[in-house]
Structures are given as C-alpha cells and as structure tokens.
Amino acid sequence: MKCSIPKGTRDFLPAEMARRNYIFDTIREVFKAFAFEPIETPSLENLSTLMGKYGEEGDKLLFKVLNSGNFMEDVDFTQDYHKVAPRICDRGLRYDLTVPFARFVVQHRDQITFPFRRYQLQPVWRADRPQKGRYREFYQCDADMIGSTSLLNELELVQMIDAVFQKLGIEVTVKINNRKVLAGIADLIGAPDKLVDITVAIDKLDKIGIDNVRAELSERGLNQEQITALNPVFELSGSANDKLQQLEVLFNGNAVGTKGVEELKELFGYIDLVQPACHVELDLTLARGLNYYTGAIFEVKAHNVSIGSICGGGRYDNLTGIFGMPDVSGVGISFGADRIYDVLTELDKFPPDLGQSAQVLFINFGAESMPYCIKCAARLRSLGISTLVYPDNAKMKKQMDFANRSRVPYVVFVGENEIAAQNLTVKDMATGTQNTFTLDELADRLKH
RNA sequence: GUGGGCGUAGUUCAGCUGGUUAGAGCGCCAGAUUGUGGAUCUGGAGGUCGUGGGUUCGAGCCCCACCUCCCACCCCA
C-alpha cells in the first residue's frame, strides 16, 4: 500500500521540531512577558460559529466535517451544493484563532476578569490551494486583549511584534492602518458600500501600479468621478504624521474618517515614545481581508524574503456581539509560525545548535554488562542528563556509527574491567579522546 | 475556482530521433575489521518508470484523461 498525507499537510522530523519549538518558545516567552495567559480551544467548532465571519472567500475555505450517522436522512441531494452542505455538516475545522476566542469569551464570561489577555498556539486549517508559504494546516500564535478600547493595547502589540522578531533576528516592517480611515475614504467619494472593493484594489497598489488599480476599481463598479475623487489618497506623502495631517484636512467633517485619523495619531505618538527597533509605517494601502476588523489593522513583512505576511492582526469591536455579548472590543495579533520558519530557513537565521537528543550513549557489550549500565543510566537520567543505552548487542561499528549519526557527544564503554573497577570509559566523540571516570565525575562534567 | 510546470530505486537525478535485460551518486545491508566511529575498498538488496487508457512490430520517451507535488493568480499566516 502506498501511503501519503493529505495535500497541504506536513510531517515534522525531529530536526524540524527542534527549530519549530525554538520559534514557539520565543513567541511564548514574549507573550508571557506581556502577561498573557494561555488557553486552548477545540479543533472542531460548530459551523454556525465559523460561517459568515471571514467574508465570502473565507466561507469557501472552511473545511467542513461530514456529520456522523445517517447524514443523508431527510436531505434533498438534488438541491444546489451550497444548500446541501450546511444540512449535512454541522461542524468544521477552525479557520483562525480569533473567532473561536470570541466564542470562548462569550461562553466563559463569568470566569474571566476583564480586560482579559490570552495567548493561544494552535493549528488552524484552510482549504486553500497550497503553494510557497501557504499550507492547509498551519500554526497560528495569537495574543489578544479583550474588554478594553485603549490604544495602549495596540502599542503593546507593536512592542511584542518588535520583541519577537528581534529575538529571532528577523528584520521586519510593521505596516499599520485603520479601518475607520478606509471607511472615511469610501464615505468621502460617496461609495460607502464599496469599502471592501476599494480596499482590495488599493491593497494592490504596490504590485500592479496605479493605472491597474484604477482599472480594477472601475471593474468593481466605481464611476470615473469616484475614482478621480480617490486621487488625494494616492497622492499622500511624507512621514506618518504628514500623511495624517493631510488626511485630517481631507476628512473635514467626516466623523468616521476623522476618528480613524485621531486613533492613528495617538498610536503613532505612543510608538514614537518607545522607539521600536523594527520599521513601523503607516500604510494606507493596507486593507486585510478578514471583515471583522473595525479599527487598527497590522501586518508584518520580513525584509529580503518574498513570502506573504508573517504576522497580522487588528481591532474588532463587535466579534463577541455576534455571539450575544455586545460592546466588548478586542484587539490582537497572530504570528504565522510556519512562515516564520520559512523565513528563518531562507535567511539562515536558526541557531546552529538546536535539538540534540542524547548526551551519553552506553555501548552494549552483552548481557553481563547490562545491569551495571542500566544502573548508571538511571542515575544520569535522574540528574536530567539525556542518556541512551544501546538496546542490542550489535557490532561495535554499528553502535559507534549510531552515536555519530545521532550526534551523541559522549560514548561510554562498560566491560569486565570497568565493572571490576566500578568506573566508566568515556569517549569524547568530537575529539576522539578517551578517559576513565567514576559515575559521579561523569555526571559532574555533563551537568553544564 | 483559474493558469503553468514536474512526476524514473529510500533519496537526488541521468536515460539520445521511440529499439534487446532501465542506470549513477548518496543512503541501506553484508564483509575486509568480534573493545572503538567518521575514511577507503569489495560484494549485495532495492523499480507495477505517478495511475488508467490509446498510437506502434516495439513506449520511461508520443497522444488523451485522471492524480500528486511545486509555482503563479485570487485570497491569506
């Protein structure tokens, strides 16, 4: 039988796990430093929890799980697929960690002290077509604060992004925008219902150029007048503060837009105070597809690597409202562990000494020497020293070869002589030198 | 969902205009070498050539369909 795993999923070998855990540990360390607490939620959610939260595209990318039992009962299969699917699938795999978190908050509100900060490192699933930096199963590392509208939260998210990528040694640019500003722009040109179309088109400015953006806007139903009215937005220039000044004038009298500008001004004011090491910029072309964002939005791009964003997030004012708990605002970010892995690989920035299995290997010279080896190994292990006893009385070459390939730094020989003298012959595999130690002497040397 | 590329041993790949029994490096197993590894040498195992169909006297090679993985679009971590 030929075996394989589903498209877009991966196995992780020990060497890969060592590097993945290095990423998770780094992120977790920063989350803890900022006083976030861990939670977990199930892989499966009720489809009703997930549907309609991610936009039309998101709904298509949800993995739906077929009901158990006789799912065909009372279902008219001649209907359109979109009508049949919700009737035979009650559950789906989570698409992100934010929506399940909102559900979690609503459900456990009596046990939560607000403002609440949680972090969550778990896989999510998307039925996307896999390609570079895109998987169907991947890990998100989320930190969210909920129950506070203060922009100090946004600042802390920026500080956390800065801390994580500084620790990992990745140079990044943090792009910041605000949905209220985008809404203001849509208002301004008299097309508030076209907000999504405008943002999607503007988002491509860097990639396809202004003329193509104009063409796309036209395709998406904006008239020439409206497209022309958008010009001042494309012509904004200068520093973040300069752009915000210009926008403020443009938004004269527009409530949403002005609010957005105020928020951005406040946030950039805070950011100036803390002087992060990474680049932070105001990017009015940043839109982000998830449609639950209402305020600040973030996206992080690594320098010198062509891969999508490695971190993203934003503020959502009414996600819990959908589940029956209105007026609770939250804001959070999500680190894409798998893409960060790809970035570190491409930039060759992983520490070289990650993941060593055993520190010591006892060579197996047969049954007579085993009782002594077993006792010695048990003692070393109780001291936290990773220890192996070769399980079979195989040839020396094979055992030594195993030590080499497993990168075990010390090999111990125990034969008649050693048992008689109650000591150990220890070989340093890197230098080839060999010494005789007592068990305690060996333990001392290895504890550092 | 749309477009492009790839698929030959465990792995990386070669295989001529279609022509006997499909090759190499690395890896694996055994031996040279039964208390000392990385090197070298010798021998060995390992293939439904992605799957199915078609063209042909003859297909790894040509044609069709499907699948896979990769890349791009869309969208995104």
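Just so we're on the same page: letters track the sequence lines, and every chain starts at 1. As the structure is a computational prediction, the values presented were derived from the model and not from experiment.
- The distance between atom OH of A:Tyr54 and atom P of B:C75, rounded to the nearest whole Å, is 19 Å.
- Rounded to an integer number of Å, the gap from A:Asp428 CG to B:G37 P is 15 Å.
- Electrostatic pairing of A:Glu45 and A:Arg103 counts as a salt bridge here, judged by a charged N lying under 4.0 Å from a carboxylate O.
- Side-chain contact check for A:Thr98 versus A:Tyr292: some heavy-atom pair is nearer than 4.5 Å.
- Within 4.0 Å (heavy atoms only), A:Gly432 reaches at least one base atom of the nucleic acid.
- One P atom belongs to B:C64, the other to B:G4, and the distance between them is 13 Å to the nearest Å.
- Between A:Asp342 and A:Lys132 no salt bridge is recorded (no basic side-chain N to carboxylate O distance below 4.0 Å).
- With P as the reference atom, B:G53 and B:A59 are 14 Å apart, rounded to whole Å.
- Across all strands shown, B:G3 forms a Watson-Crick or G-U wobble pair with B:C71, both key distances being under 3.5 Å.
- Within the shown strands, B:G44 is the pairing partner of B:C28 under the Watson-Crick or G-U definition, both distances less than 3.5 Å.
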Between the protein and nucleotides 68-70 of chain B, which nitrogen or oxygen pairs are less than 3.5 angstrom apart?
unit_1 : atom_1 : unit_2 : atom_2 : d
B:C69  : OP1    : A:Lys7 : N      : 3.4

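- As a whole-Å value, the separation of A:Lys398 NZ from B:G31 P is 10 Å.
- Atom OH of A:Tyr139 sits in a sparse spot, with 12 or fewer heavy atoms from other residues, nucleotides or ligands closer than 6.0 Å.
- A cation-pi contact links A:Arg10 to A:Tyr135, judged by a cut-off of 6.0 Å to the six-membered ring centre and 45° from its axis.
- Listed nucleotides: B:G35, B:G27, B:C29. Nearest to the side chain of A:Arg405: B:G27.
- Interface remark: the A:Gln399 side chain does not form any donor-acceptor pair with the B:U36 base, using a distance-only criterion of under 3.5 Å.
- For the P atoms, the distance from B:A14 to B:C28 is 24 Å, rounded to whole Å.
- Mapping A:Gly415 and A:Ser309 onto RNA chain B by nearest heavy atom places A:Gly415 closer to the 5' end of the strand.
- Between B:G37, B:C29, B:U36, one nucleotide has an atom nearer to the side chain of A:Phe413 than all others, and that is B:U36.
- Separating the CG atom of A:Leu13 from the P atom of B:G10 is a distance of 17 Å, rounded to the nearest angstrom.
- Contacts of A:Met396 with the nucleic acid, taken as non-hydrogen atoms under 4.0 Å apart, involve only primed sugar atoms and P, OP1 or OP2.
- Taking atom P in both B:U55 and B:A72, the straight-line distance is 40 Å, to the nearest Å.
- When rounded to the nearest whole Å, the span between CG of A:Leu424 and C1' of B:G35 equals 15 Å.
- Nucleic acid contact class of A:Glu416 (heavy atoms, under 4.0 Å, all strands): base.
- Look at CG on A:Asp401: it is 8 Å from P on B:A39, rounded to the nearest Å.
- At a threshold of 4.0 angstrom between heavy atoms, the contacts of A:Cys311 are confined to the sugar-phosphate backbone, with no base atom among them.
- Rounded to whole Å, the P atom of B:G19 lies 48 Å from the corresponding atom of B:G37.
- Looking at which nucleotide of RNA chain B each of A:Gln434 and A:Ala337 is closest to, the 5′-most match is held by A:Gln434.
- Under the Watson-Crick or G-U wobble criterion, with both distances below 3.5 Å, B:A9 has no partner in any strand shown.
- The gap from the P atom of B:C41 to that of B:U8 amounts to 29 Å, rounded to the nearest Å.
- Using atom C1' as the reference point in both B:C29 and B:G54, the two lie 42 Å apart (nearest Å).
- With A:Phe12 as the aromatic partner, A:Arg20 meets the cation-pi criteria of under 6.0 angstrom to the ring centre and within 45 degrees of the ring axis.
- Side-chain atoms of A:Arg134 and base atoms of B:C75 include a donor and an acceptor less than 3.5 Å apart.
- In A:Asp392, the CG atom is crowded: over 12 heavy atoms of neighbouring residues, nucleotides or ligands sit closer than 6.0 Å.
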Audit row: A:Phe402, A:Tyr390, ring-ring contact (aromatic ring centres under 6.0 Å, His included) steps and yes/no: CA-CA 9 Å; A:Phe402 174 84; A:Tyr390 199 89; 5.4 Å; yes

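- Within the nucleic acid shown, A:Glu137 has no heavy atom closer than 4.0 Å to any nucleic acid atom.
- Taking atom C1' on both B:A9 and B:C26, the two are 12 Å apart, rounded to the nearest angstrom.
- Taking only distance into account, the side chain of A:Lys427 meets the base of B:G37 through a donor-acceptor pair shorter than 3.5 Å.
- The environment of A:Lys167 atom NZ is sparse: at most 12 non-hydrogen atoms of other residues, nucleotides or ligands sit within 6.0 angstrom.
- Note on residues 30-42 of chain A: pairs passing side-chain hydrogen bond (donor to acceptor under 3.5 Å, both in side chains), not counting sequence neighbours, are A:Thr41-A:Gln120.
- Rounded to an integer number of Å, the gap from CG of A:Asn404 to C1' of B:G38 is 5 Å.
- Residue A:Lys395 places no side-chain N or O under 4.0 Å from the OP1 or OP2 atom of B:G35.
- B:G52 is paired with B:C64 under the Watson-Crick or G-U wobble criterion, all donor-acceptor distances under 3.5 Å.
- Going from atom CG of A:Asn417 over to atom C1' of B:U36 covers 14 Å, rounded to whole Å.
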